[in-house]
Amino acid sequence: QVQLIEPGGGLVQAGESLRLSCAASRRVDVDRIYSMCWYRQVPGQQRELAAEISRGDRTDYADFVKGRFTISADSAWNTVYLQMDNLRPEDTALYYCKISTNMDACWGQGTQVAVSS
């Protein structure tokens with residue numbers, strides 16, 4: 001598979017890969033972060049949770065990405081990644097990161113991913 005590390009997502013062919021990243025704002029106290037997530041919004045659909053990672057590196061995945069996508073956090077817990085392998089045309093969507101603390105949450109601006117058949 002072709003591995004693409006491209007901020008802002010991109011356009012790839014089916015079967016290829018992308019790696020998304022999202023860094024916490026410097027205003028965020030990383031010690032207060034308890035989970036980081038990736039959501040997707042398919043055109044015409046509601047935004048839905050794709051993957052989540054919590055303190056202790058506990059992970060959870062939606063069925064539509066299970067076995068293909070991997071969520072991870074760096075050691076400092078200020079950046080979340082989504083490794084997207086074996087992409088399918090139905091993965092085409094706007095992807096958002098969400099970083100949650102015990103007080104509030106912040107959202108990324110969204111990253112467009114398009115997969116051609």
Side-chain angles (χ1 to χ4, degrees):
Q1 290 182 312
V2 177
Q3 296 290 124
L4 300 178
I5 304 175
E6 184 175 352
L11 173 63
V12 299
Q13 294 183 341
E16 295 183 342
S17 299
L18 284 172
R19 183 172 180 260
L20 308 182
S21 64
C22 179
S25 168
R26 293 179 180 178
R27 296 183 178 181
V28 176
D29 183 355
V30 296
D31 292 333
R32 301 174 69 89
I33 297 174
Y34 68 85
S35 72
M36 299 189 286
C37 307
W38 285 98
Y39 286 75
R40 78 170 186 182
Q41 188 163 14
V42 177
Q45 301 292 323
Q46 298 294 316
R47 189 177 300 180
E48 58 186 336
L49 180 66
E52 180 176 11
I53 185 168
S54 302
R55 288 285 187 177
D57 292 334
R58 301 186 305 274
T59 58
D60 192 29
Y61 297 93
D63 288 341
F64 59 84
V65 306
K66 192 173 299 181
R68 299 187 300 117
F69 293 4
T70 304
I71 188 171
S72 62
D74 69 342
S75 59
W77 259 74
N78 64 353
T79 305
V80 62
Y81 304 92
L82 187 66
Q83 179 67 41
M84 311 166 70
D85 295 325
N86 193 24
L87 284 160
R88 304 167 180 170
E90 53 264 39
D91 294 322
T92 296
L94 197 63
Y95 287 80
Y96 297 87
C97 65
K98 179 184 178 183
I99 298 175
S100 299
T101 71
N102 59 351
M103 290 294 179
D104 54 23
C106 58
W107 289 84
Q109 72 274 22
T111 298
Q112 182 67 52
V113 172
V115 184
S116 63
S117 60

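Owing to the predicted nature of the structure, the values given are computational and were not obtained by experimental measurement. Start at 1 with the first residue, then count along the sequence.
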Salt bridge flag under 4.0 Å for residues Asp91 and Arg88: no

Sidechain-backbone polar pair: Asp74 side chain, Thr79 backbone, donor-acceptor under 3.5 Å: yes

Check the hydrophobic clustering (I, L, V, M, F, W, Y; side-chain heavy atoms under 4.5 Å; chains of links allowed) and say if Leu20 and Val42 are grouped together. no

In Å, rounded to the nearest 0.5 Å, how long is the span from OG1 of Thr101 to CG of Asp29? 8.5 Å

If two hydrophobic side chains count as joined below 4.5 Å and joins carry through other members, does Leu49 share a cluster with Tyr95? no

CZ on Arg68 to CG on Asp85, rounded to 0.5 Å: 9.0 Å

Same cluster for Met84 and Val12 if Ile/Leu/Val/Met/Phe/Trp/Tyr side chains link at under 4.5 Å? yes

Atom CG in Asp57, atom CZ in Arg55: separation rounded to 0.5 Å? 9.5 Å

Straight-line distance of Glu16 CD to Asn86 CG, nearest 0.5 Å: 11.0 Å

Check whether the SG atoms of Cys97 and Cys37 are less than 2.5 Å apart, and answer yes or no. no

In terms of hydrophobic clustering (I, L, V, M, F, W, Y; side-chain heavy atoms under 4.5 Å; direct or indirect links), are Trp38 and Phe64 co-clustered? yes

Closest non-hydrogen atom pair between Gly108 and Tyr96, with its separation: O-CD2, 3.6 Å

Less than 4.5 Å apart, side chain to side chain, heavy atoms only: is that true for Ile53 and Tyr81? no

What I'd like to find out is whether the side chain of Ile33 reaches to under 4.5 Å of the side chain of Val28, using heavy atoms alone. yes

Any heavy-atom pair between the side chains of Ser100 and Tyr34 that's under 4.5 Å? yes

Which value, rounded to the nearest 0.5 Å, describes the distance between Ser35 atom OG and Trp77 atom CH2? 6.5 Å

Does Arg40 reach the main-chain N or O of Ala50 with its side chain, forming a donor-acceptor pair under 3.5 Å? no

Would Met103 and Arg32 count as a side-chain contact (heavy atoms from CB on, under 4.5 Å) here? Give the steps. CA-CA 8 Å; Met103 290 294 179; Arg32 301 174 69 89; 3.0 Å; yes

Has Ser117 got a side-chain atom pairing as donor or acceptor with Pro89's backbone, closer than 3.5 angstrom? no

Under the side-chain contact (heavy atoms from CB on, under 4.5 Å) rule, what do Tyr39 and Lys98 come out as? Steps first, then yes or no, please. CA-CA 8 Å; Tyr39 286 75; Lys98 179 184 178 183; 3.8 Å; yes

Any donor-acceptor pair under 3.5 Å linking the side chain of Gln112 with the backbone of Gly9? no

What closest approach, in Å, do Thr92 and Val115 show between heavy atoms, and which atom pair accounts for it? OG1-N, 2.9 Å

Minimum side-chain heavy-atom gap Leu18-Leu87 below 4.5 Å: yes

Under 3.5 Å: donor-acceptor pair, side chain of Tyr61, backbone of Ile71: yes

